[in-house]
Asks: 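Quick one: structure below, then a few questions.
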Amino acid sequence: MMIKGIKGVKDLLPEESPRWRFIEDKARHWATTFGFQEIRVPIFEVTTLFARSIGASTDIVEKEMYTFQDRDGTSLTLRPEGTAGTVRAYIEHNRAADPLPQKYFYFGPMFRHERPQAGRLRQFHQFGVESFGMADPRADVETIALLWQLLSDLTLPALTLEINNLGYTSDREAYRPTLVAYLRPLMEKLCVNCQRRIDTNPLRVLDCKVPDCKATTEAAPKLAESMSDKARTYFDAVLKGLDTLGILYHLNHRLVRGLDYYCLTTFEVTTTNLGAQNAVGAGGRYDGLVETLGGSPTPAVGFAVGIERISMMLPESQTPPPAGATTVYVAAFGDQGAPVGLTVLHDLRRAGVRAVVDFRSNTLKAHLRQADRLKCRYTLMIGDDEVTKGLALLRNMDTKGQSDIPLSAVVASIKPLILPS
RNA sequence: GUGGGUGUAGCUCAGUUGGUUAGAGCGCCGGAUUGUGGAUCCGGAGGUCGCGGGUUCGAAACCCGUCAUCCACCCCA
């Protein structure tokens, strides 16, 4: 029986990895130019870290985590998202003591036990950023601007930025009873999930996509109406900042987000090109989380994007070109040619020239076929005749022009052709 | 967790009301070209028909089960 990969866990094959590399490079580039620094945290943590940060009543914690016991019985969990671990590291290493702005970005696999479908996997990859310590609307603007800059630079199609104000915890606590009072009498019109949510997380009812739920919550009292002046002012400043930078957005008062730790600004970038899973990236402010996890009160804001989803949307024109133009194929054959070719191959590589060969090919014809398939611009042919003459034959695969090169000068002759000075 | 679609060659897929040795295109290897790629022609290799039962003289096809995969619900990146 063949051993196969785990359901919802995919291999990234060489044909596709350049696309990922391209996305990663762009993400790293923009994150660093926005002043964020890379952090690498473990992909598994103590289970309580996620339970405490994401929220015990969320789907992620209730039924989607990969949790297992360590040998001493400690409950560990494969990270379902990146913020919790980053916050844990921030606290554990007392980064608050560093006077520099603590702005991090990360990249890596996340794990959620969900039913796979288009754009949804059990192991998926995120690029995310977290900006600690600044309770300033400009920090929100900066974070959203980075997200938007990255996605725009990748020329992803049909993007929409949706944004909402969740207010402070106290605002939501004040709003909650009025919302519950409104929903309770209408309970029968809501889906089963939402009936449960009235007690566990009533705000989530507003974000339900079931048409009946949407209809019944249409006339519900809005969070914005019971928002404190402080929260209102803050959010206005965020919007004003986005206006200033020319970043377009849609206000969406239903946008609640699935994770419990968000407050004030929440946002989500969606597209129409991804099937049912239409979120490319999302984030928000989470001022209470650091304290919840045992740190001192620290405001923070961040986002994460799904690499698979970006890759699905990445236009073909954005895929980096193959490296054939700067690759030499060394076609060495025959009893004397083959060993000489091995040396030449190594010399070229040591000189920084990308050089390849297919050792399975024994004839010149087979070598040239491989050189063609690899789209190499140059093929260096070395047979027994060339060896006795102390030469190699360099063929330009595009022009079919050929010229003799002394074996002793192969590297010197080829290097300027391949590597731009 | 629920629902639907699909499983036949490396890939994309045909395969008639059940009938003998399971096909095509592309790809791959070789030859035409004794040392020159792509195009053309010729030849060749490659298959537990997802798996396990059942019905039948006979199953890739029909029935049951199972697994995988895709899509959707849900949820989210």
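A note on names: the letters A, B, ... follow the listed sequences, proteins ahead of strands, and every chain is numbered from 1.
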Asks: Report the relative orientation of the aromatic rings in Tyr286(A) and Tyr262(A); use parallel for angles under 30°, tilted for 30 to 60°, perpendicular for over 60°.
Replies: perpendicular
Asks: Where the side chain of Asp372(A) is defined as all heavy atoms beyond and including C-beta, which of C76(B), G37(B), A72(B) is the nearest nucleotide?
Replies: G37(B)
Asks: Where do Tyr104(A) and Phe132(A) land on the ring pair (Phe, Tyr, Trp, His ring centres under 6.0 Å) test, with the steps shown first?
Replies: CA-CA 8 Å; Tyr104(A) 305 142; Phe132(A) 293 104; 5.7 Å; yes
Asks: Determine which nucleotide pairs with G3(B), using a 3.5 Å limit on both distances of a Watson-Crick or G-U wobble pair.
Replies: C71(B)
Asks: Who is the Watson-Crick or G-U wobble partner of G30(B), with both distances under 3.5 Å?
Replies: C42(B)
Asks: Within the structure shown, what part of the strands sits under 4.0 Å from Gly119(A) by heavy-atom distance: base, sugar-phosphate, or nothing?
Replies: base
Asks: Between Lys10(A) and Glu308(A), does any NZ, NE, NH1 or NH2 come within less than 4.0 Å of an OD or OE carboxylate oxygen?
Replies: no
Asks: Between U36(B), A77(B), C28(B), which nucleotide gets closest to the side-chain atoms of Arg120(A)?
Replies: A77(B)
Asks: Can you find a donor-acceptor pair, distance only, under 3.5 Å between Gln126(A) side chain and C76(B) base?
Replies: no
Asks: Quick one: are Leu190(A) and Ile198(A) in side-chain contact, heavy atoms under 4.5 Å?
Replies: yes
Asks: Indicate, with a heavy-atom threshold strictly under 4.0 Å, whether Glu64(A) touches base, sugar-phosphate, or nothing.
Replies: sugar-phosphate
Asks: Counting any heavy atom closer than 4.0 Å, what does Glu386(A) reach on the DNA or RNA strands: base, sugar-phosphate only, or nothing?
Replies: base
Asks: Determine the contact category for Ala282(A): base if any of its heavy atoms lies under 4.0 Å from a base atom, sugar-phosphate if only primed atoms, P, OP1 or OP2 are that close, otherwise nothing.
Replies: sugar-phosphate
Asks: Which nucleotide, U36(B), A68(B), G3(B), lies nearest any side-chain atom of Lys4(A)?
Replies: A68(B)
Asks: Which part of the nucleic acid does Leu147(A) contact within heavy-atom distance under 4.0 Å: base, sugar-phosphate only, or nothing?
Replies: nothing
Asks: Heavy atoms under 4.0 Å, any strand shown: does Asn362(A) hit a base, just sugar-phosphate, or nothing?
Replies: nothing
Asks: With both distances kept under 3.5 Å, what pairs with U48(B), Watson-Crick or G-U wobble?
Replies: none
Asks: Once you apply the 3.5 Å cut-off to both distances, tell me the Watson-Crick or G-U wobble partner of C62(B), or none.
Replies: G54(B)
Asks: Looking at every strand, decide which applies to Phe333(A) at a 4.0 Å heavy-atom threshold: base, sugar-phosphate, or nothing.
Replies: base
Asks: What nucleotide among G37(B), A77(B), U36(B) has an atom nearest to a side-chain atom of Arg369(A)?
Replies: G37(B)
Asks: Does C73(B) have OP1 or OP2 under 4.0 Å away from a side-chain N or O of Gln117(A)?
Replies: yes
Asks: Counting any heavy atom closer than 4.0 Å, what does Lys375(A) reach on the DNA or RNA strands: base, sugar-phosphate only, or nothing?
Replies: nothing
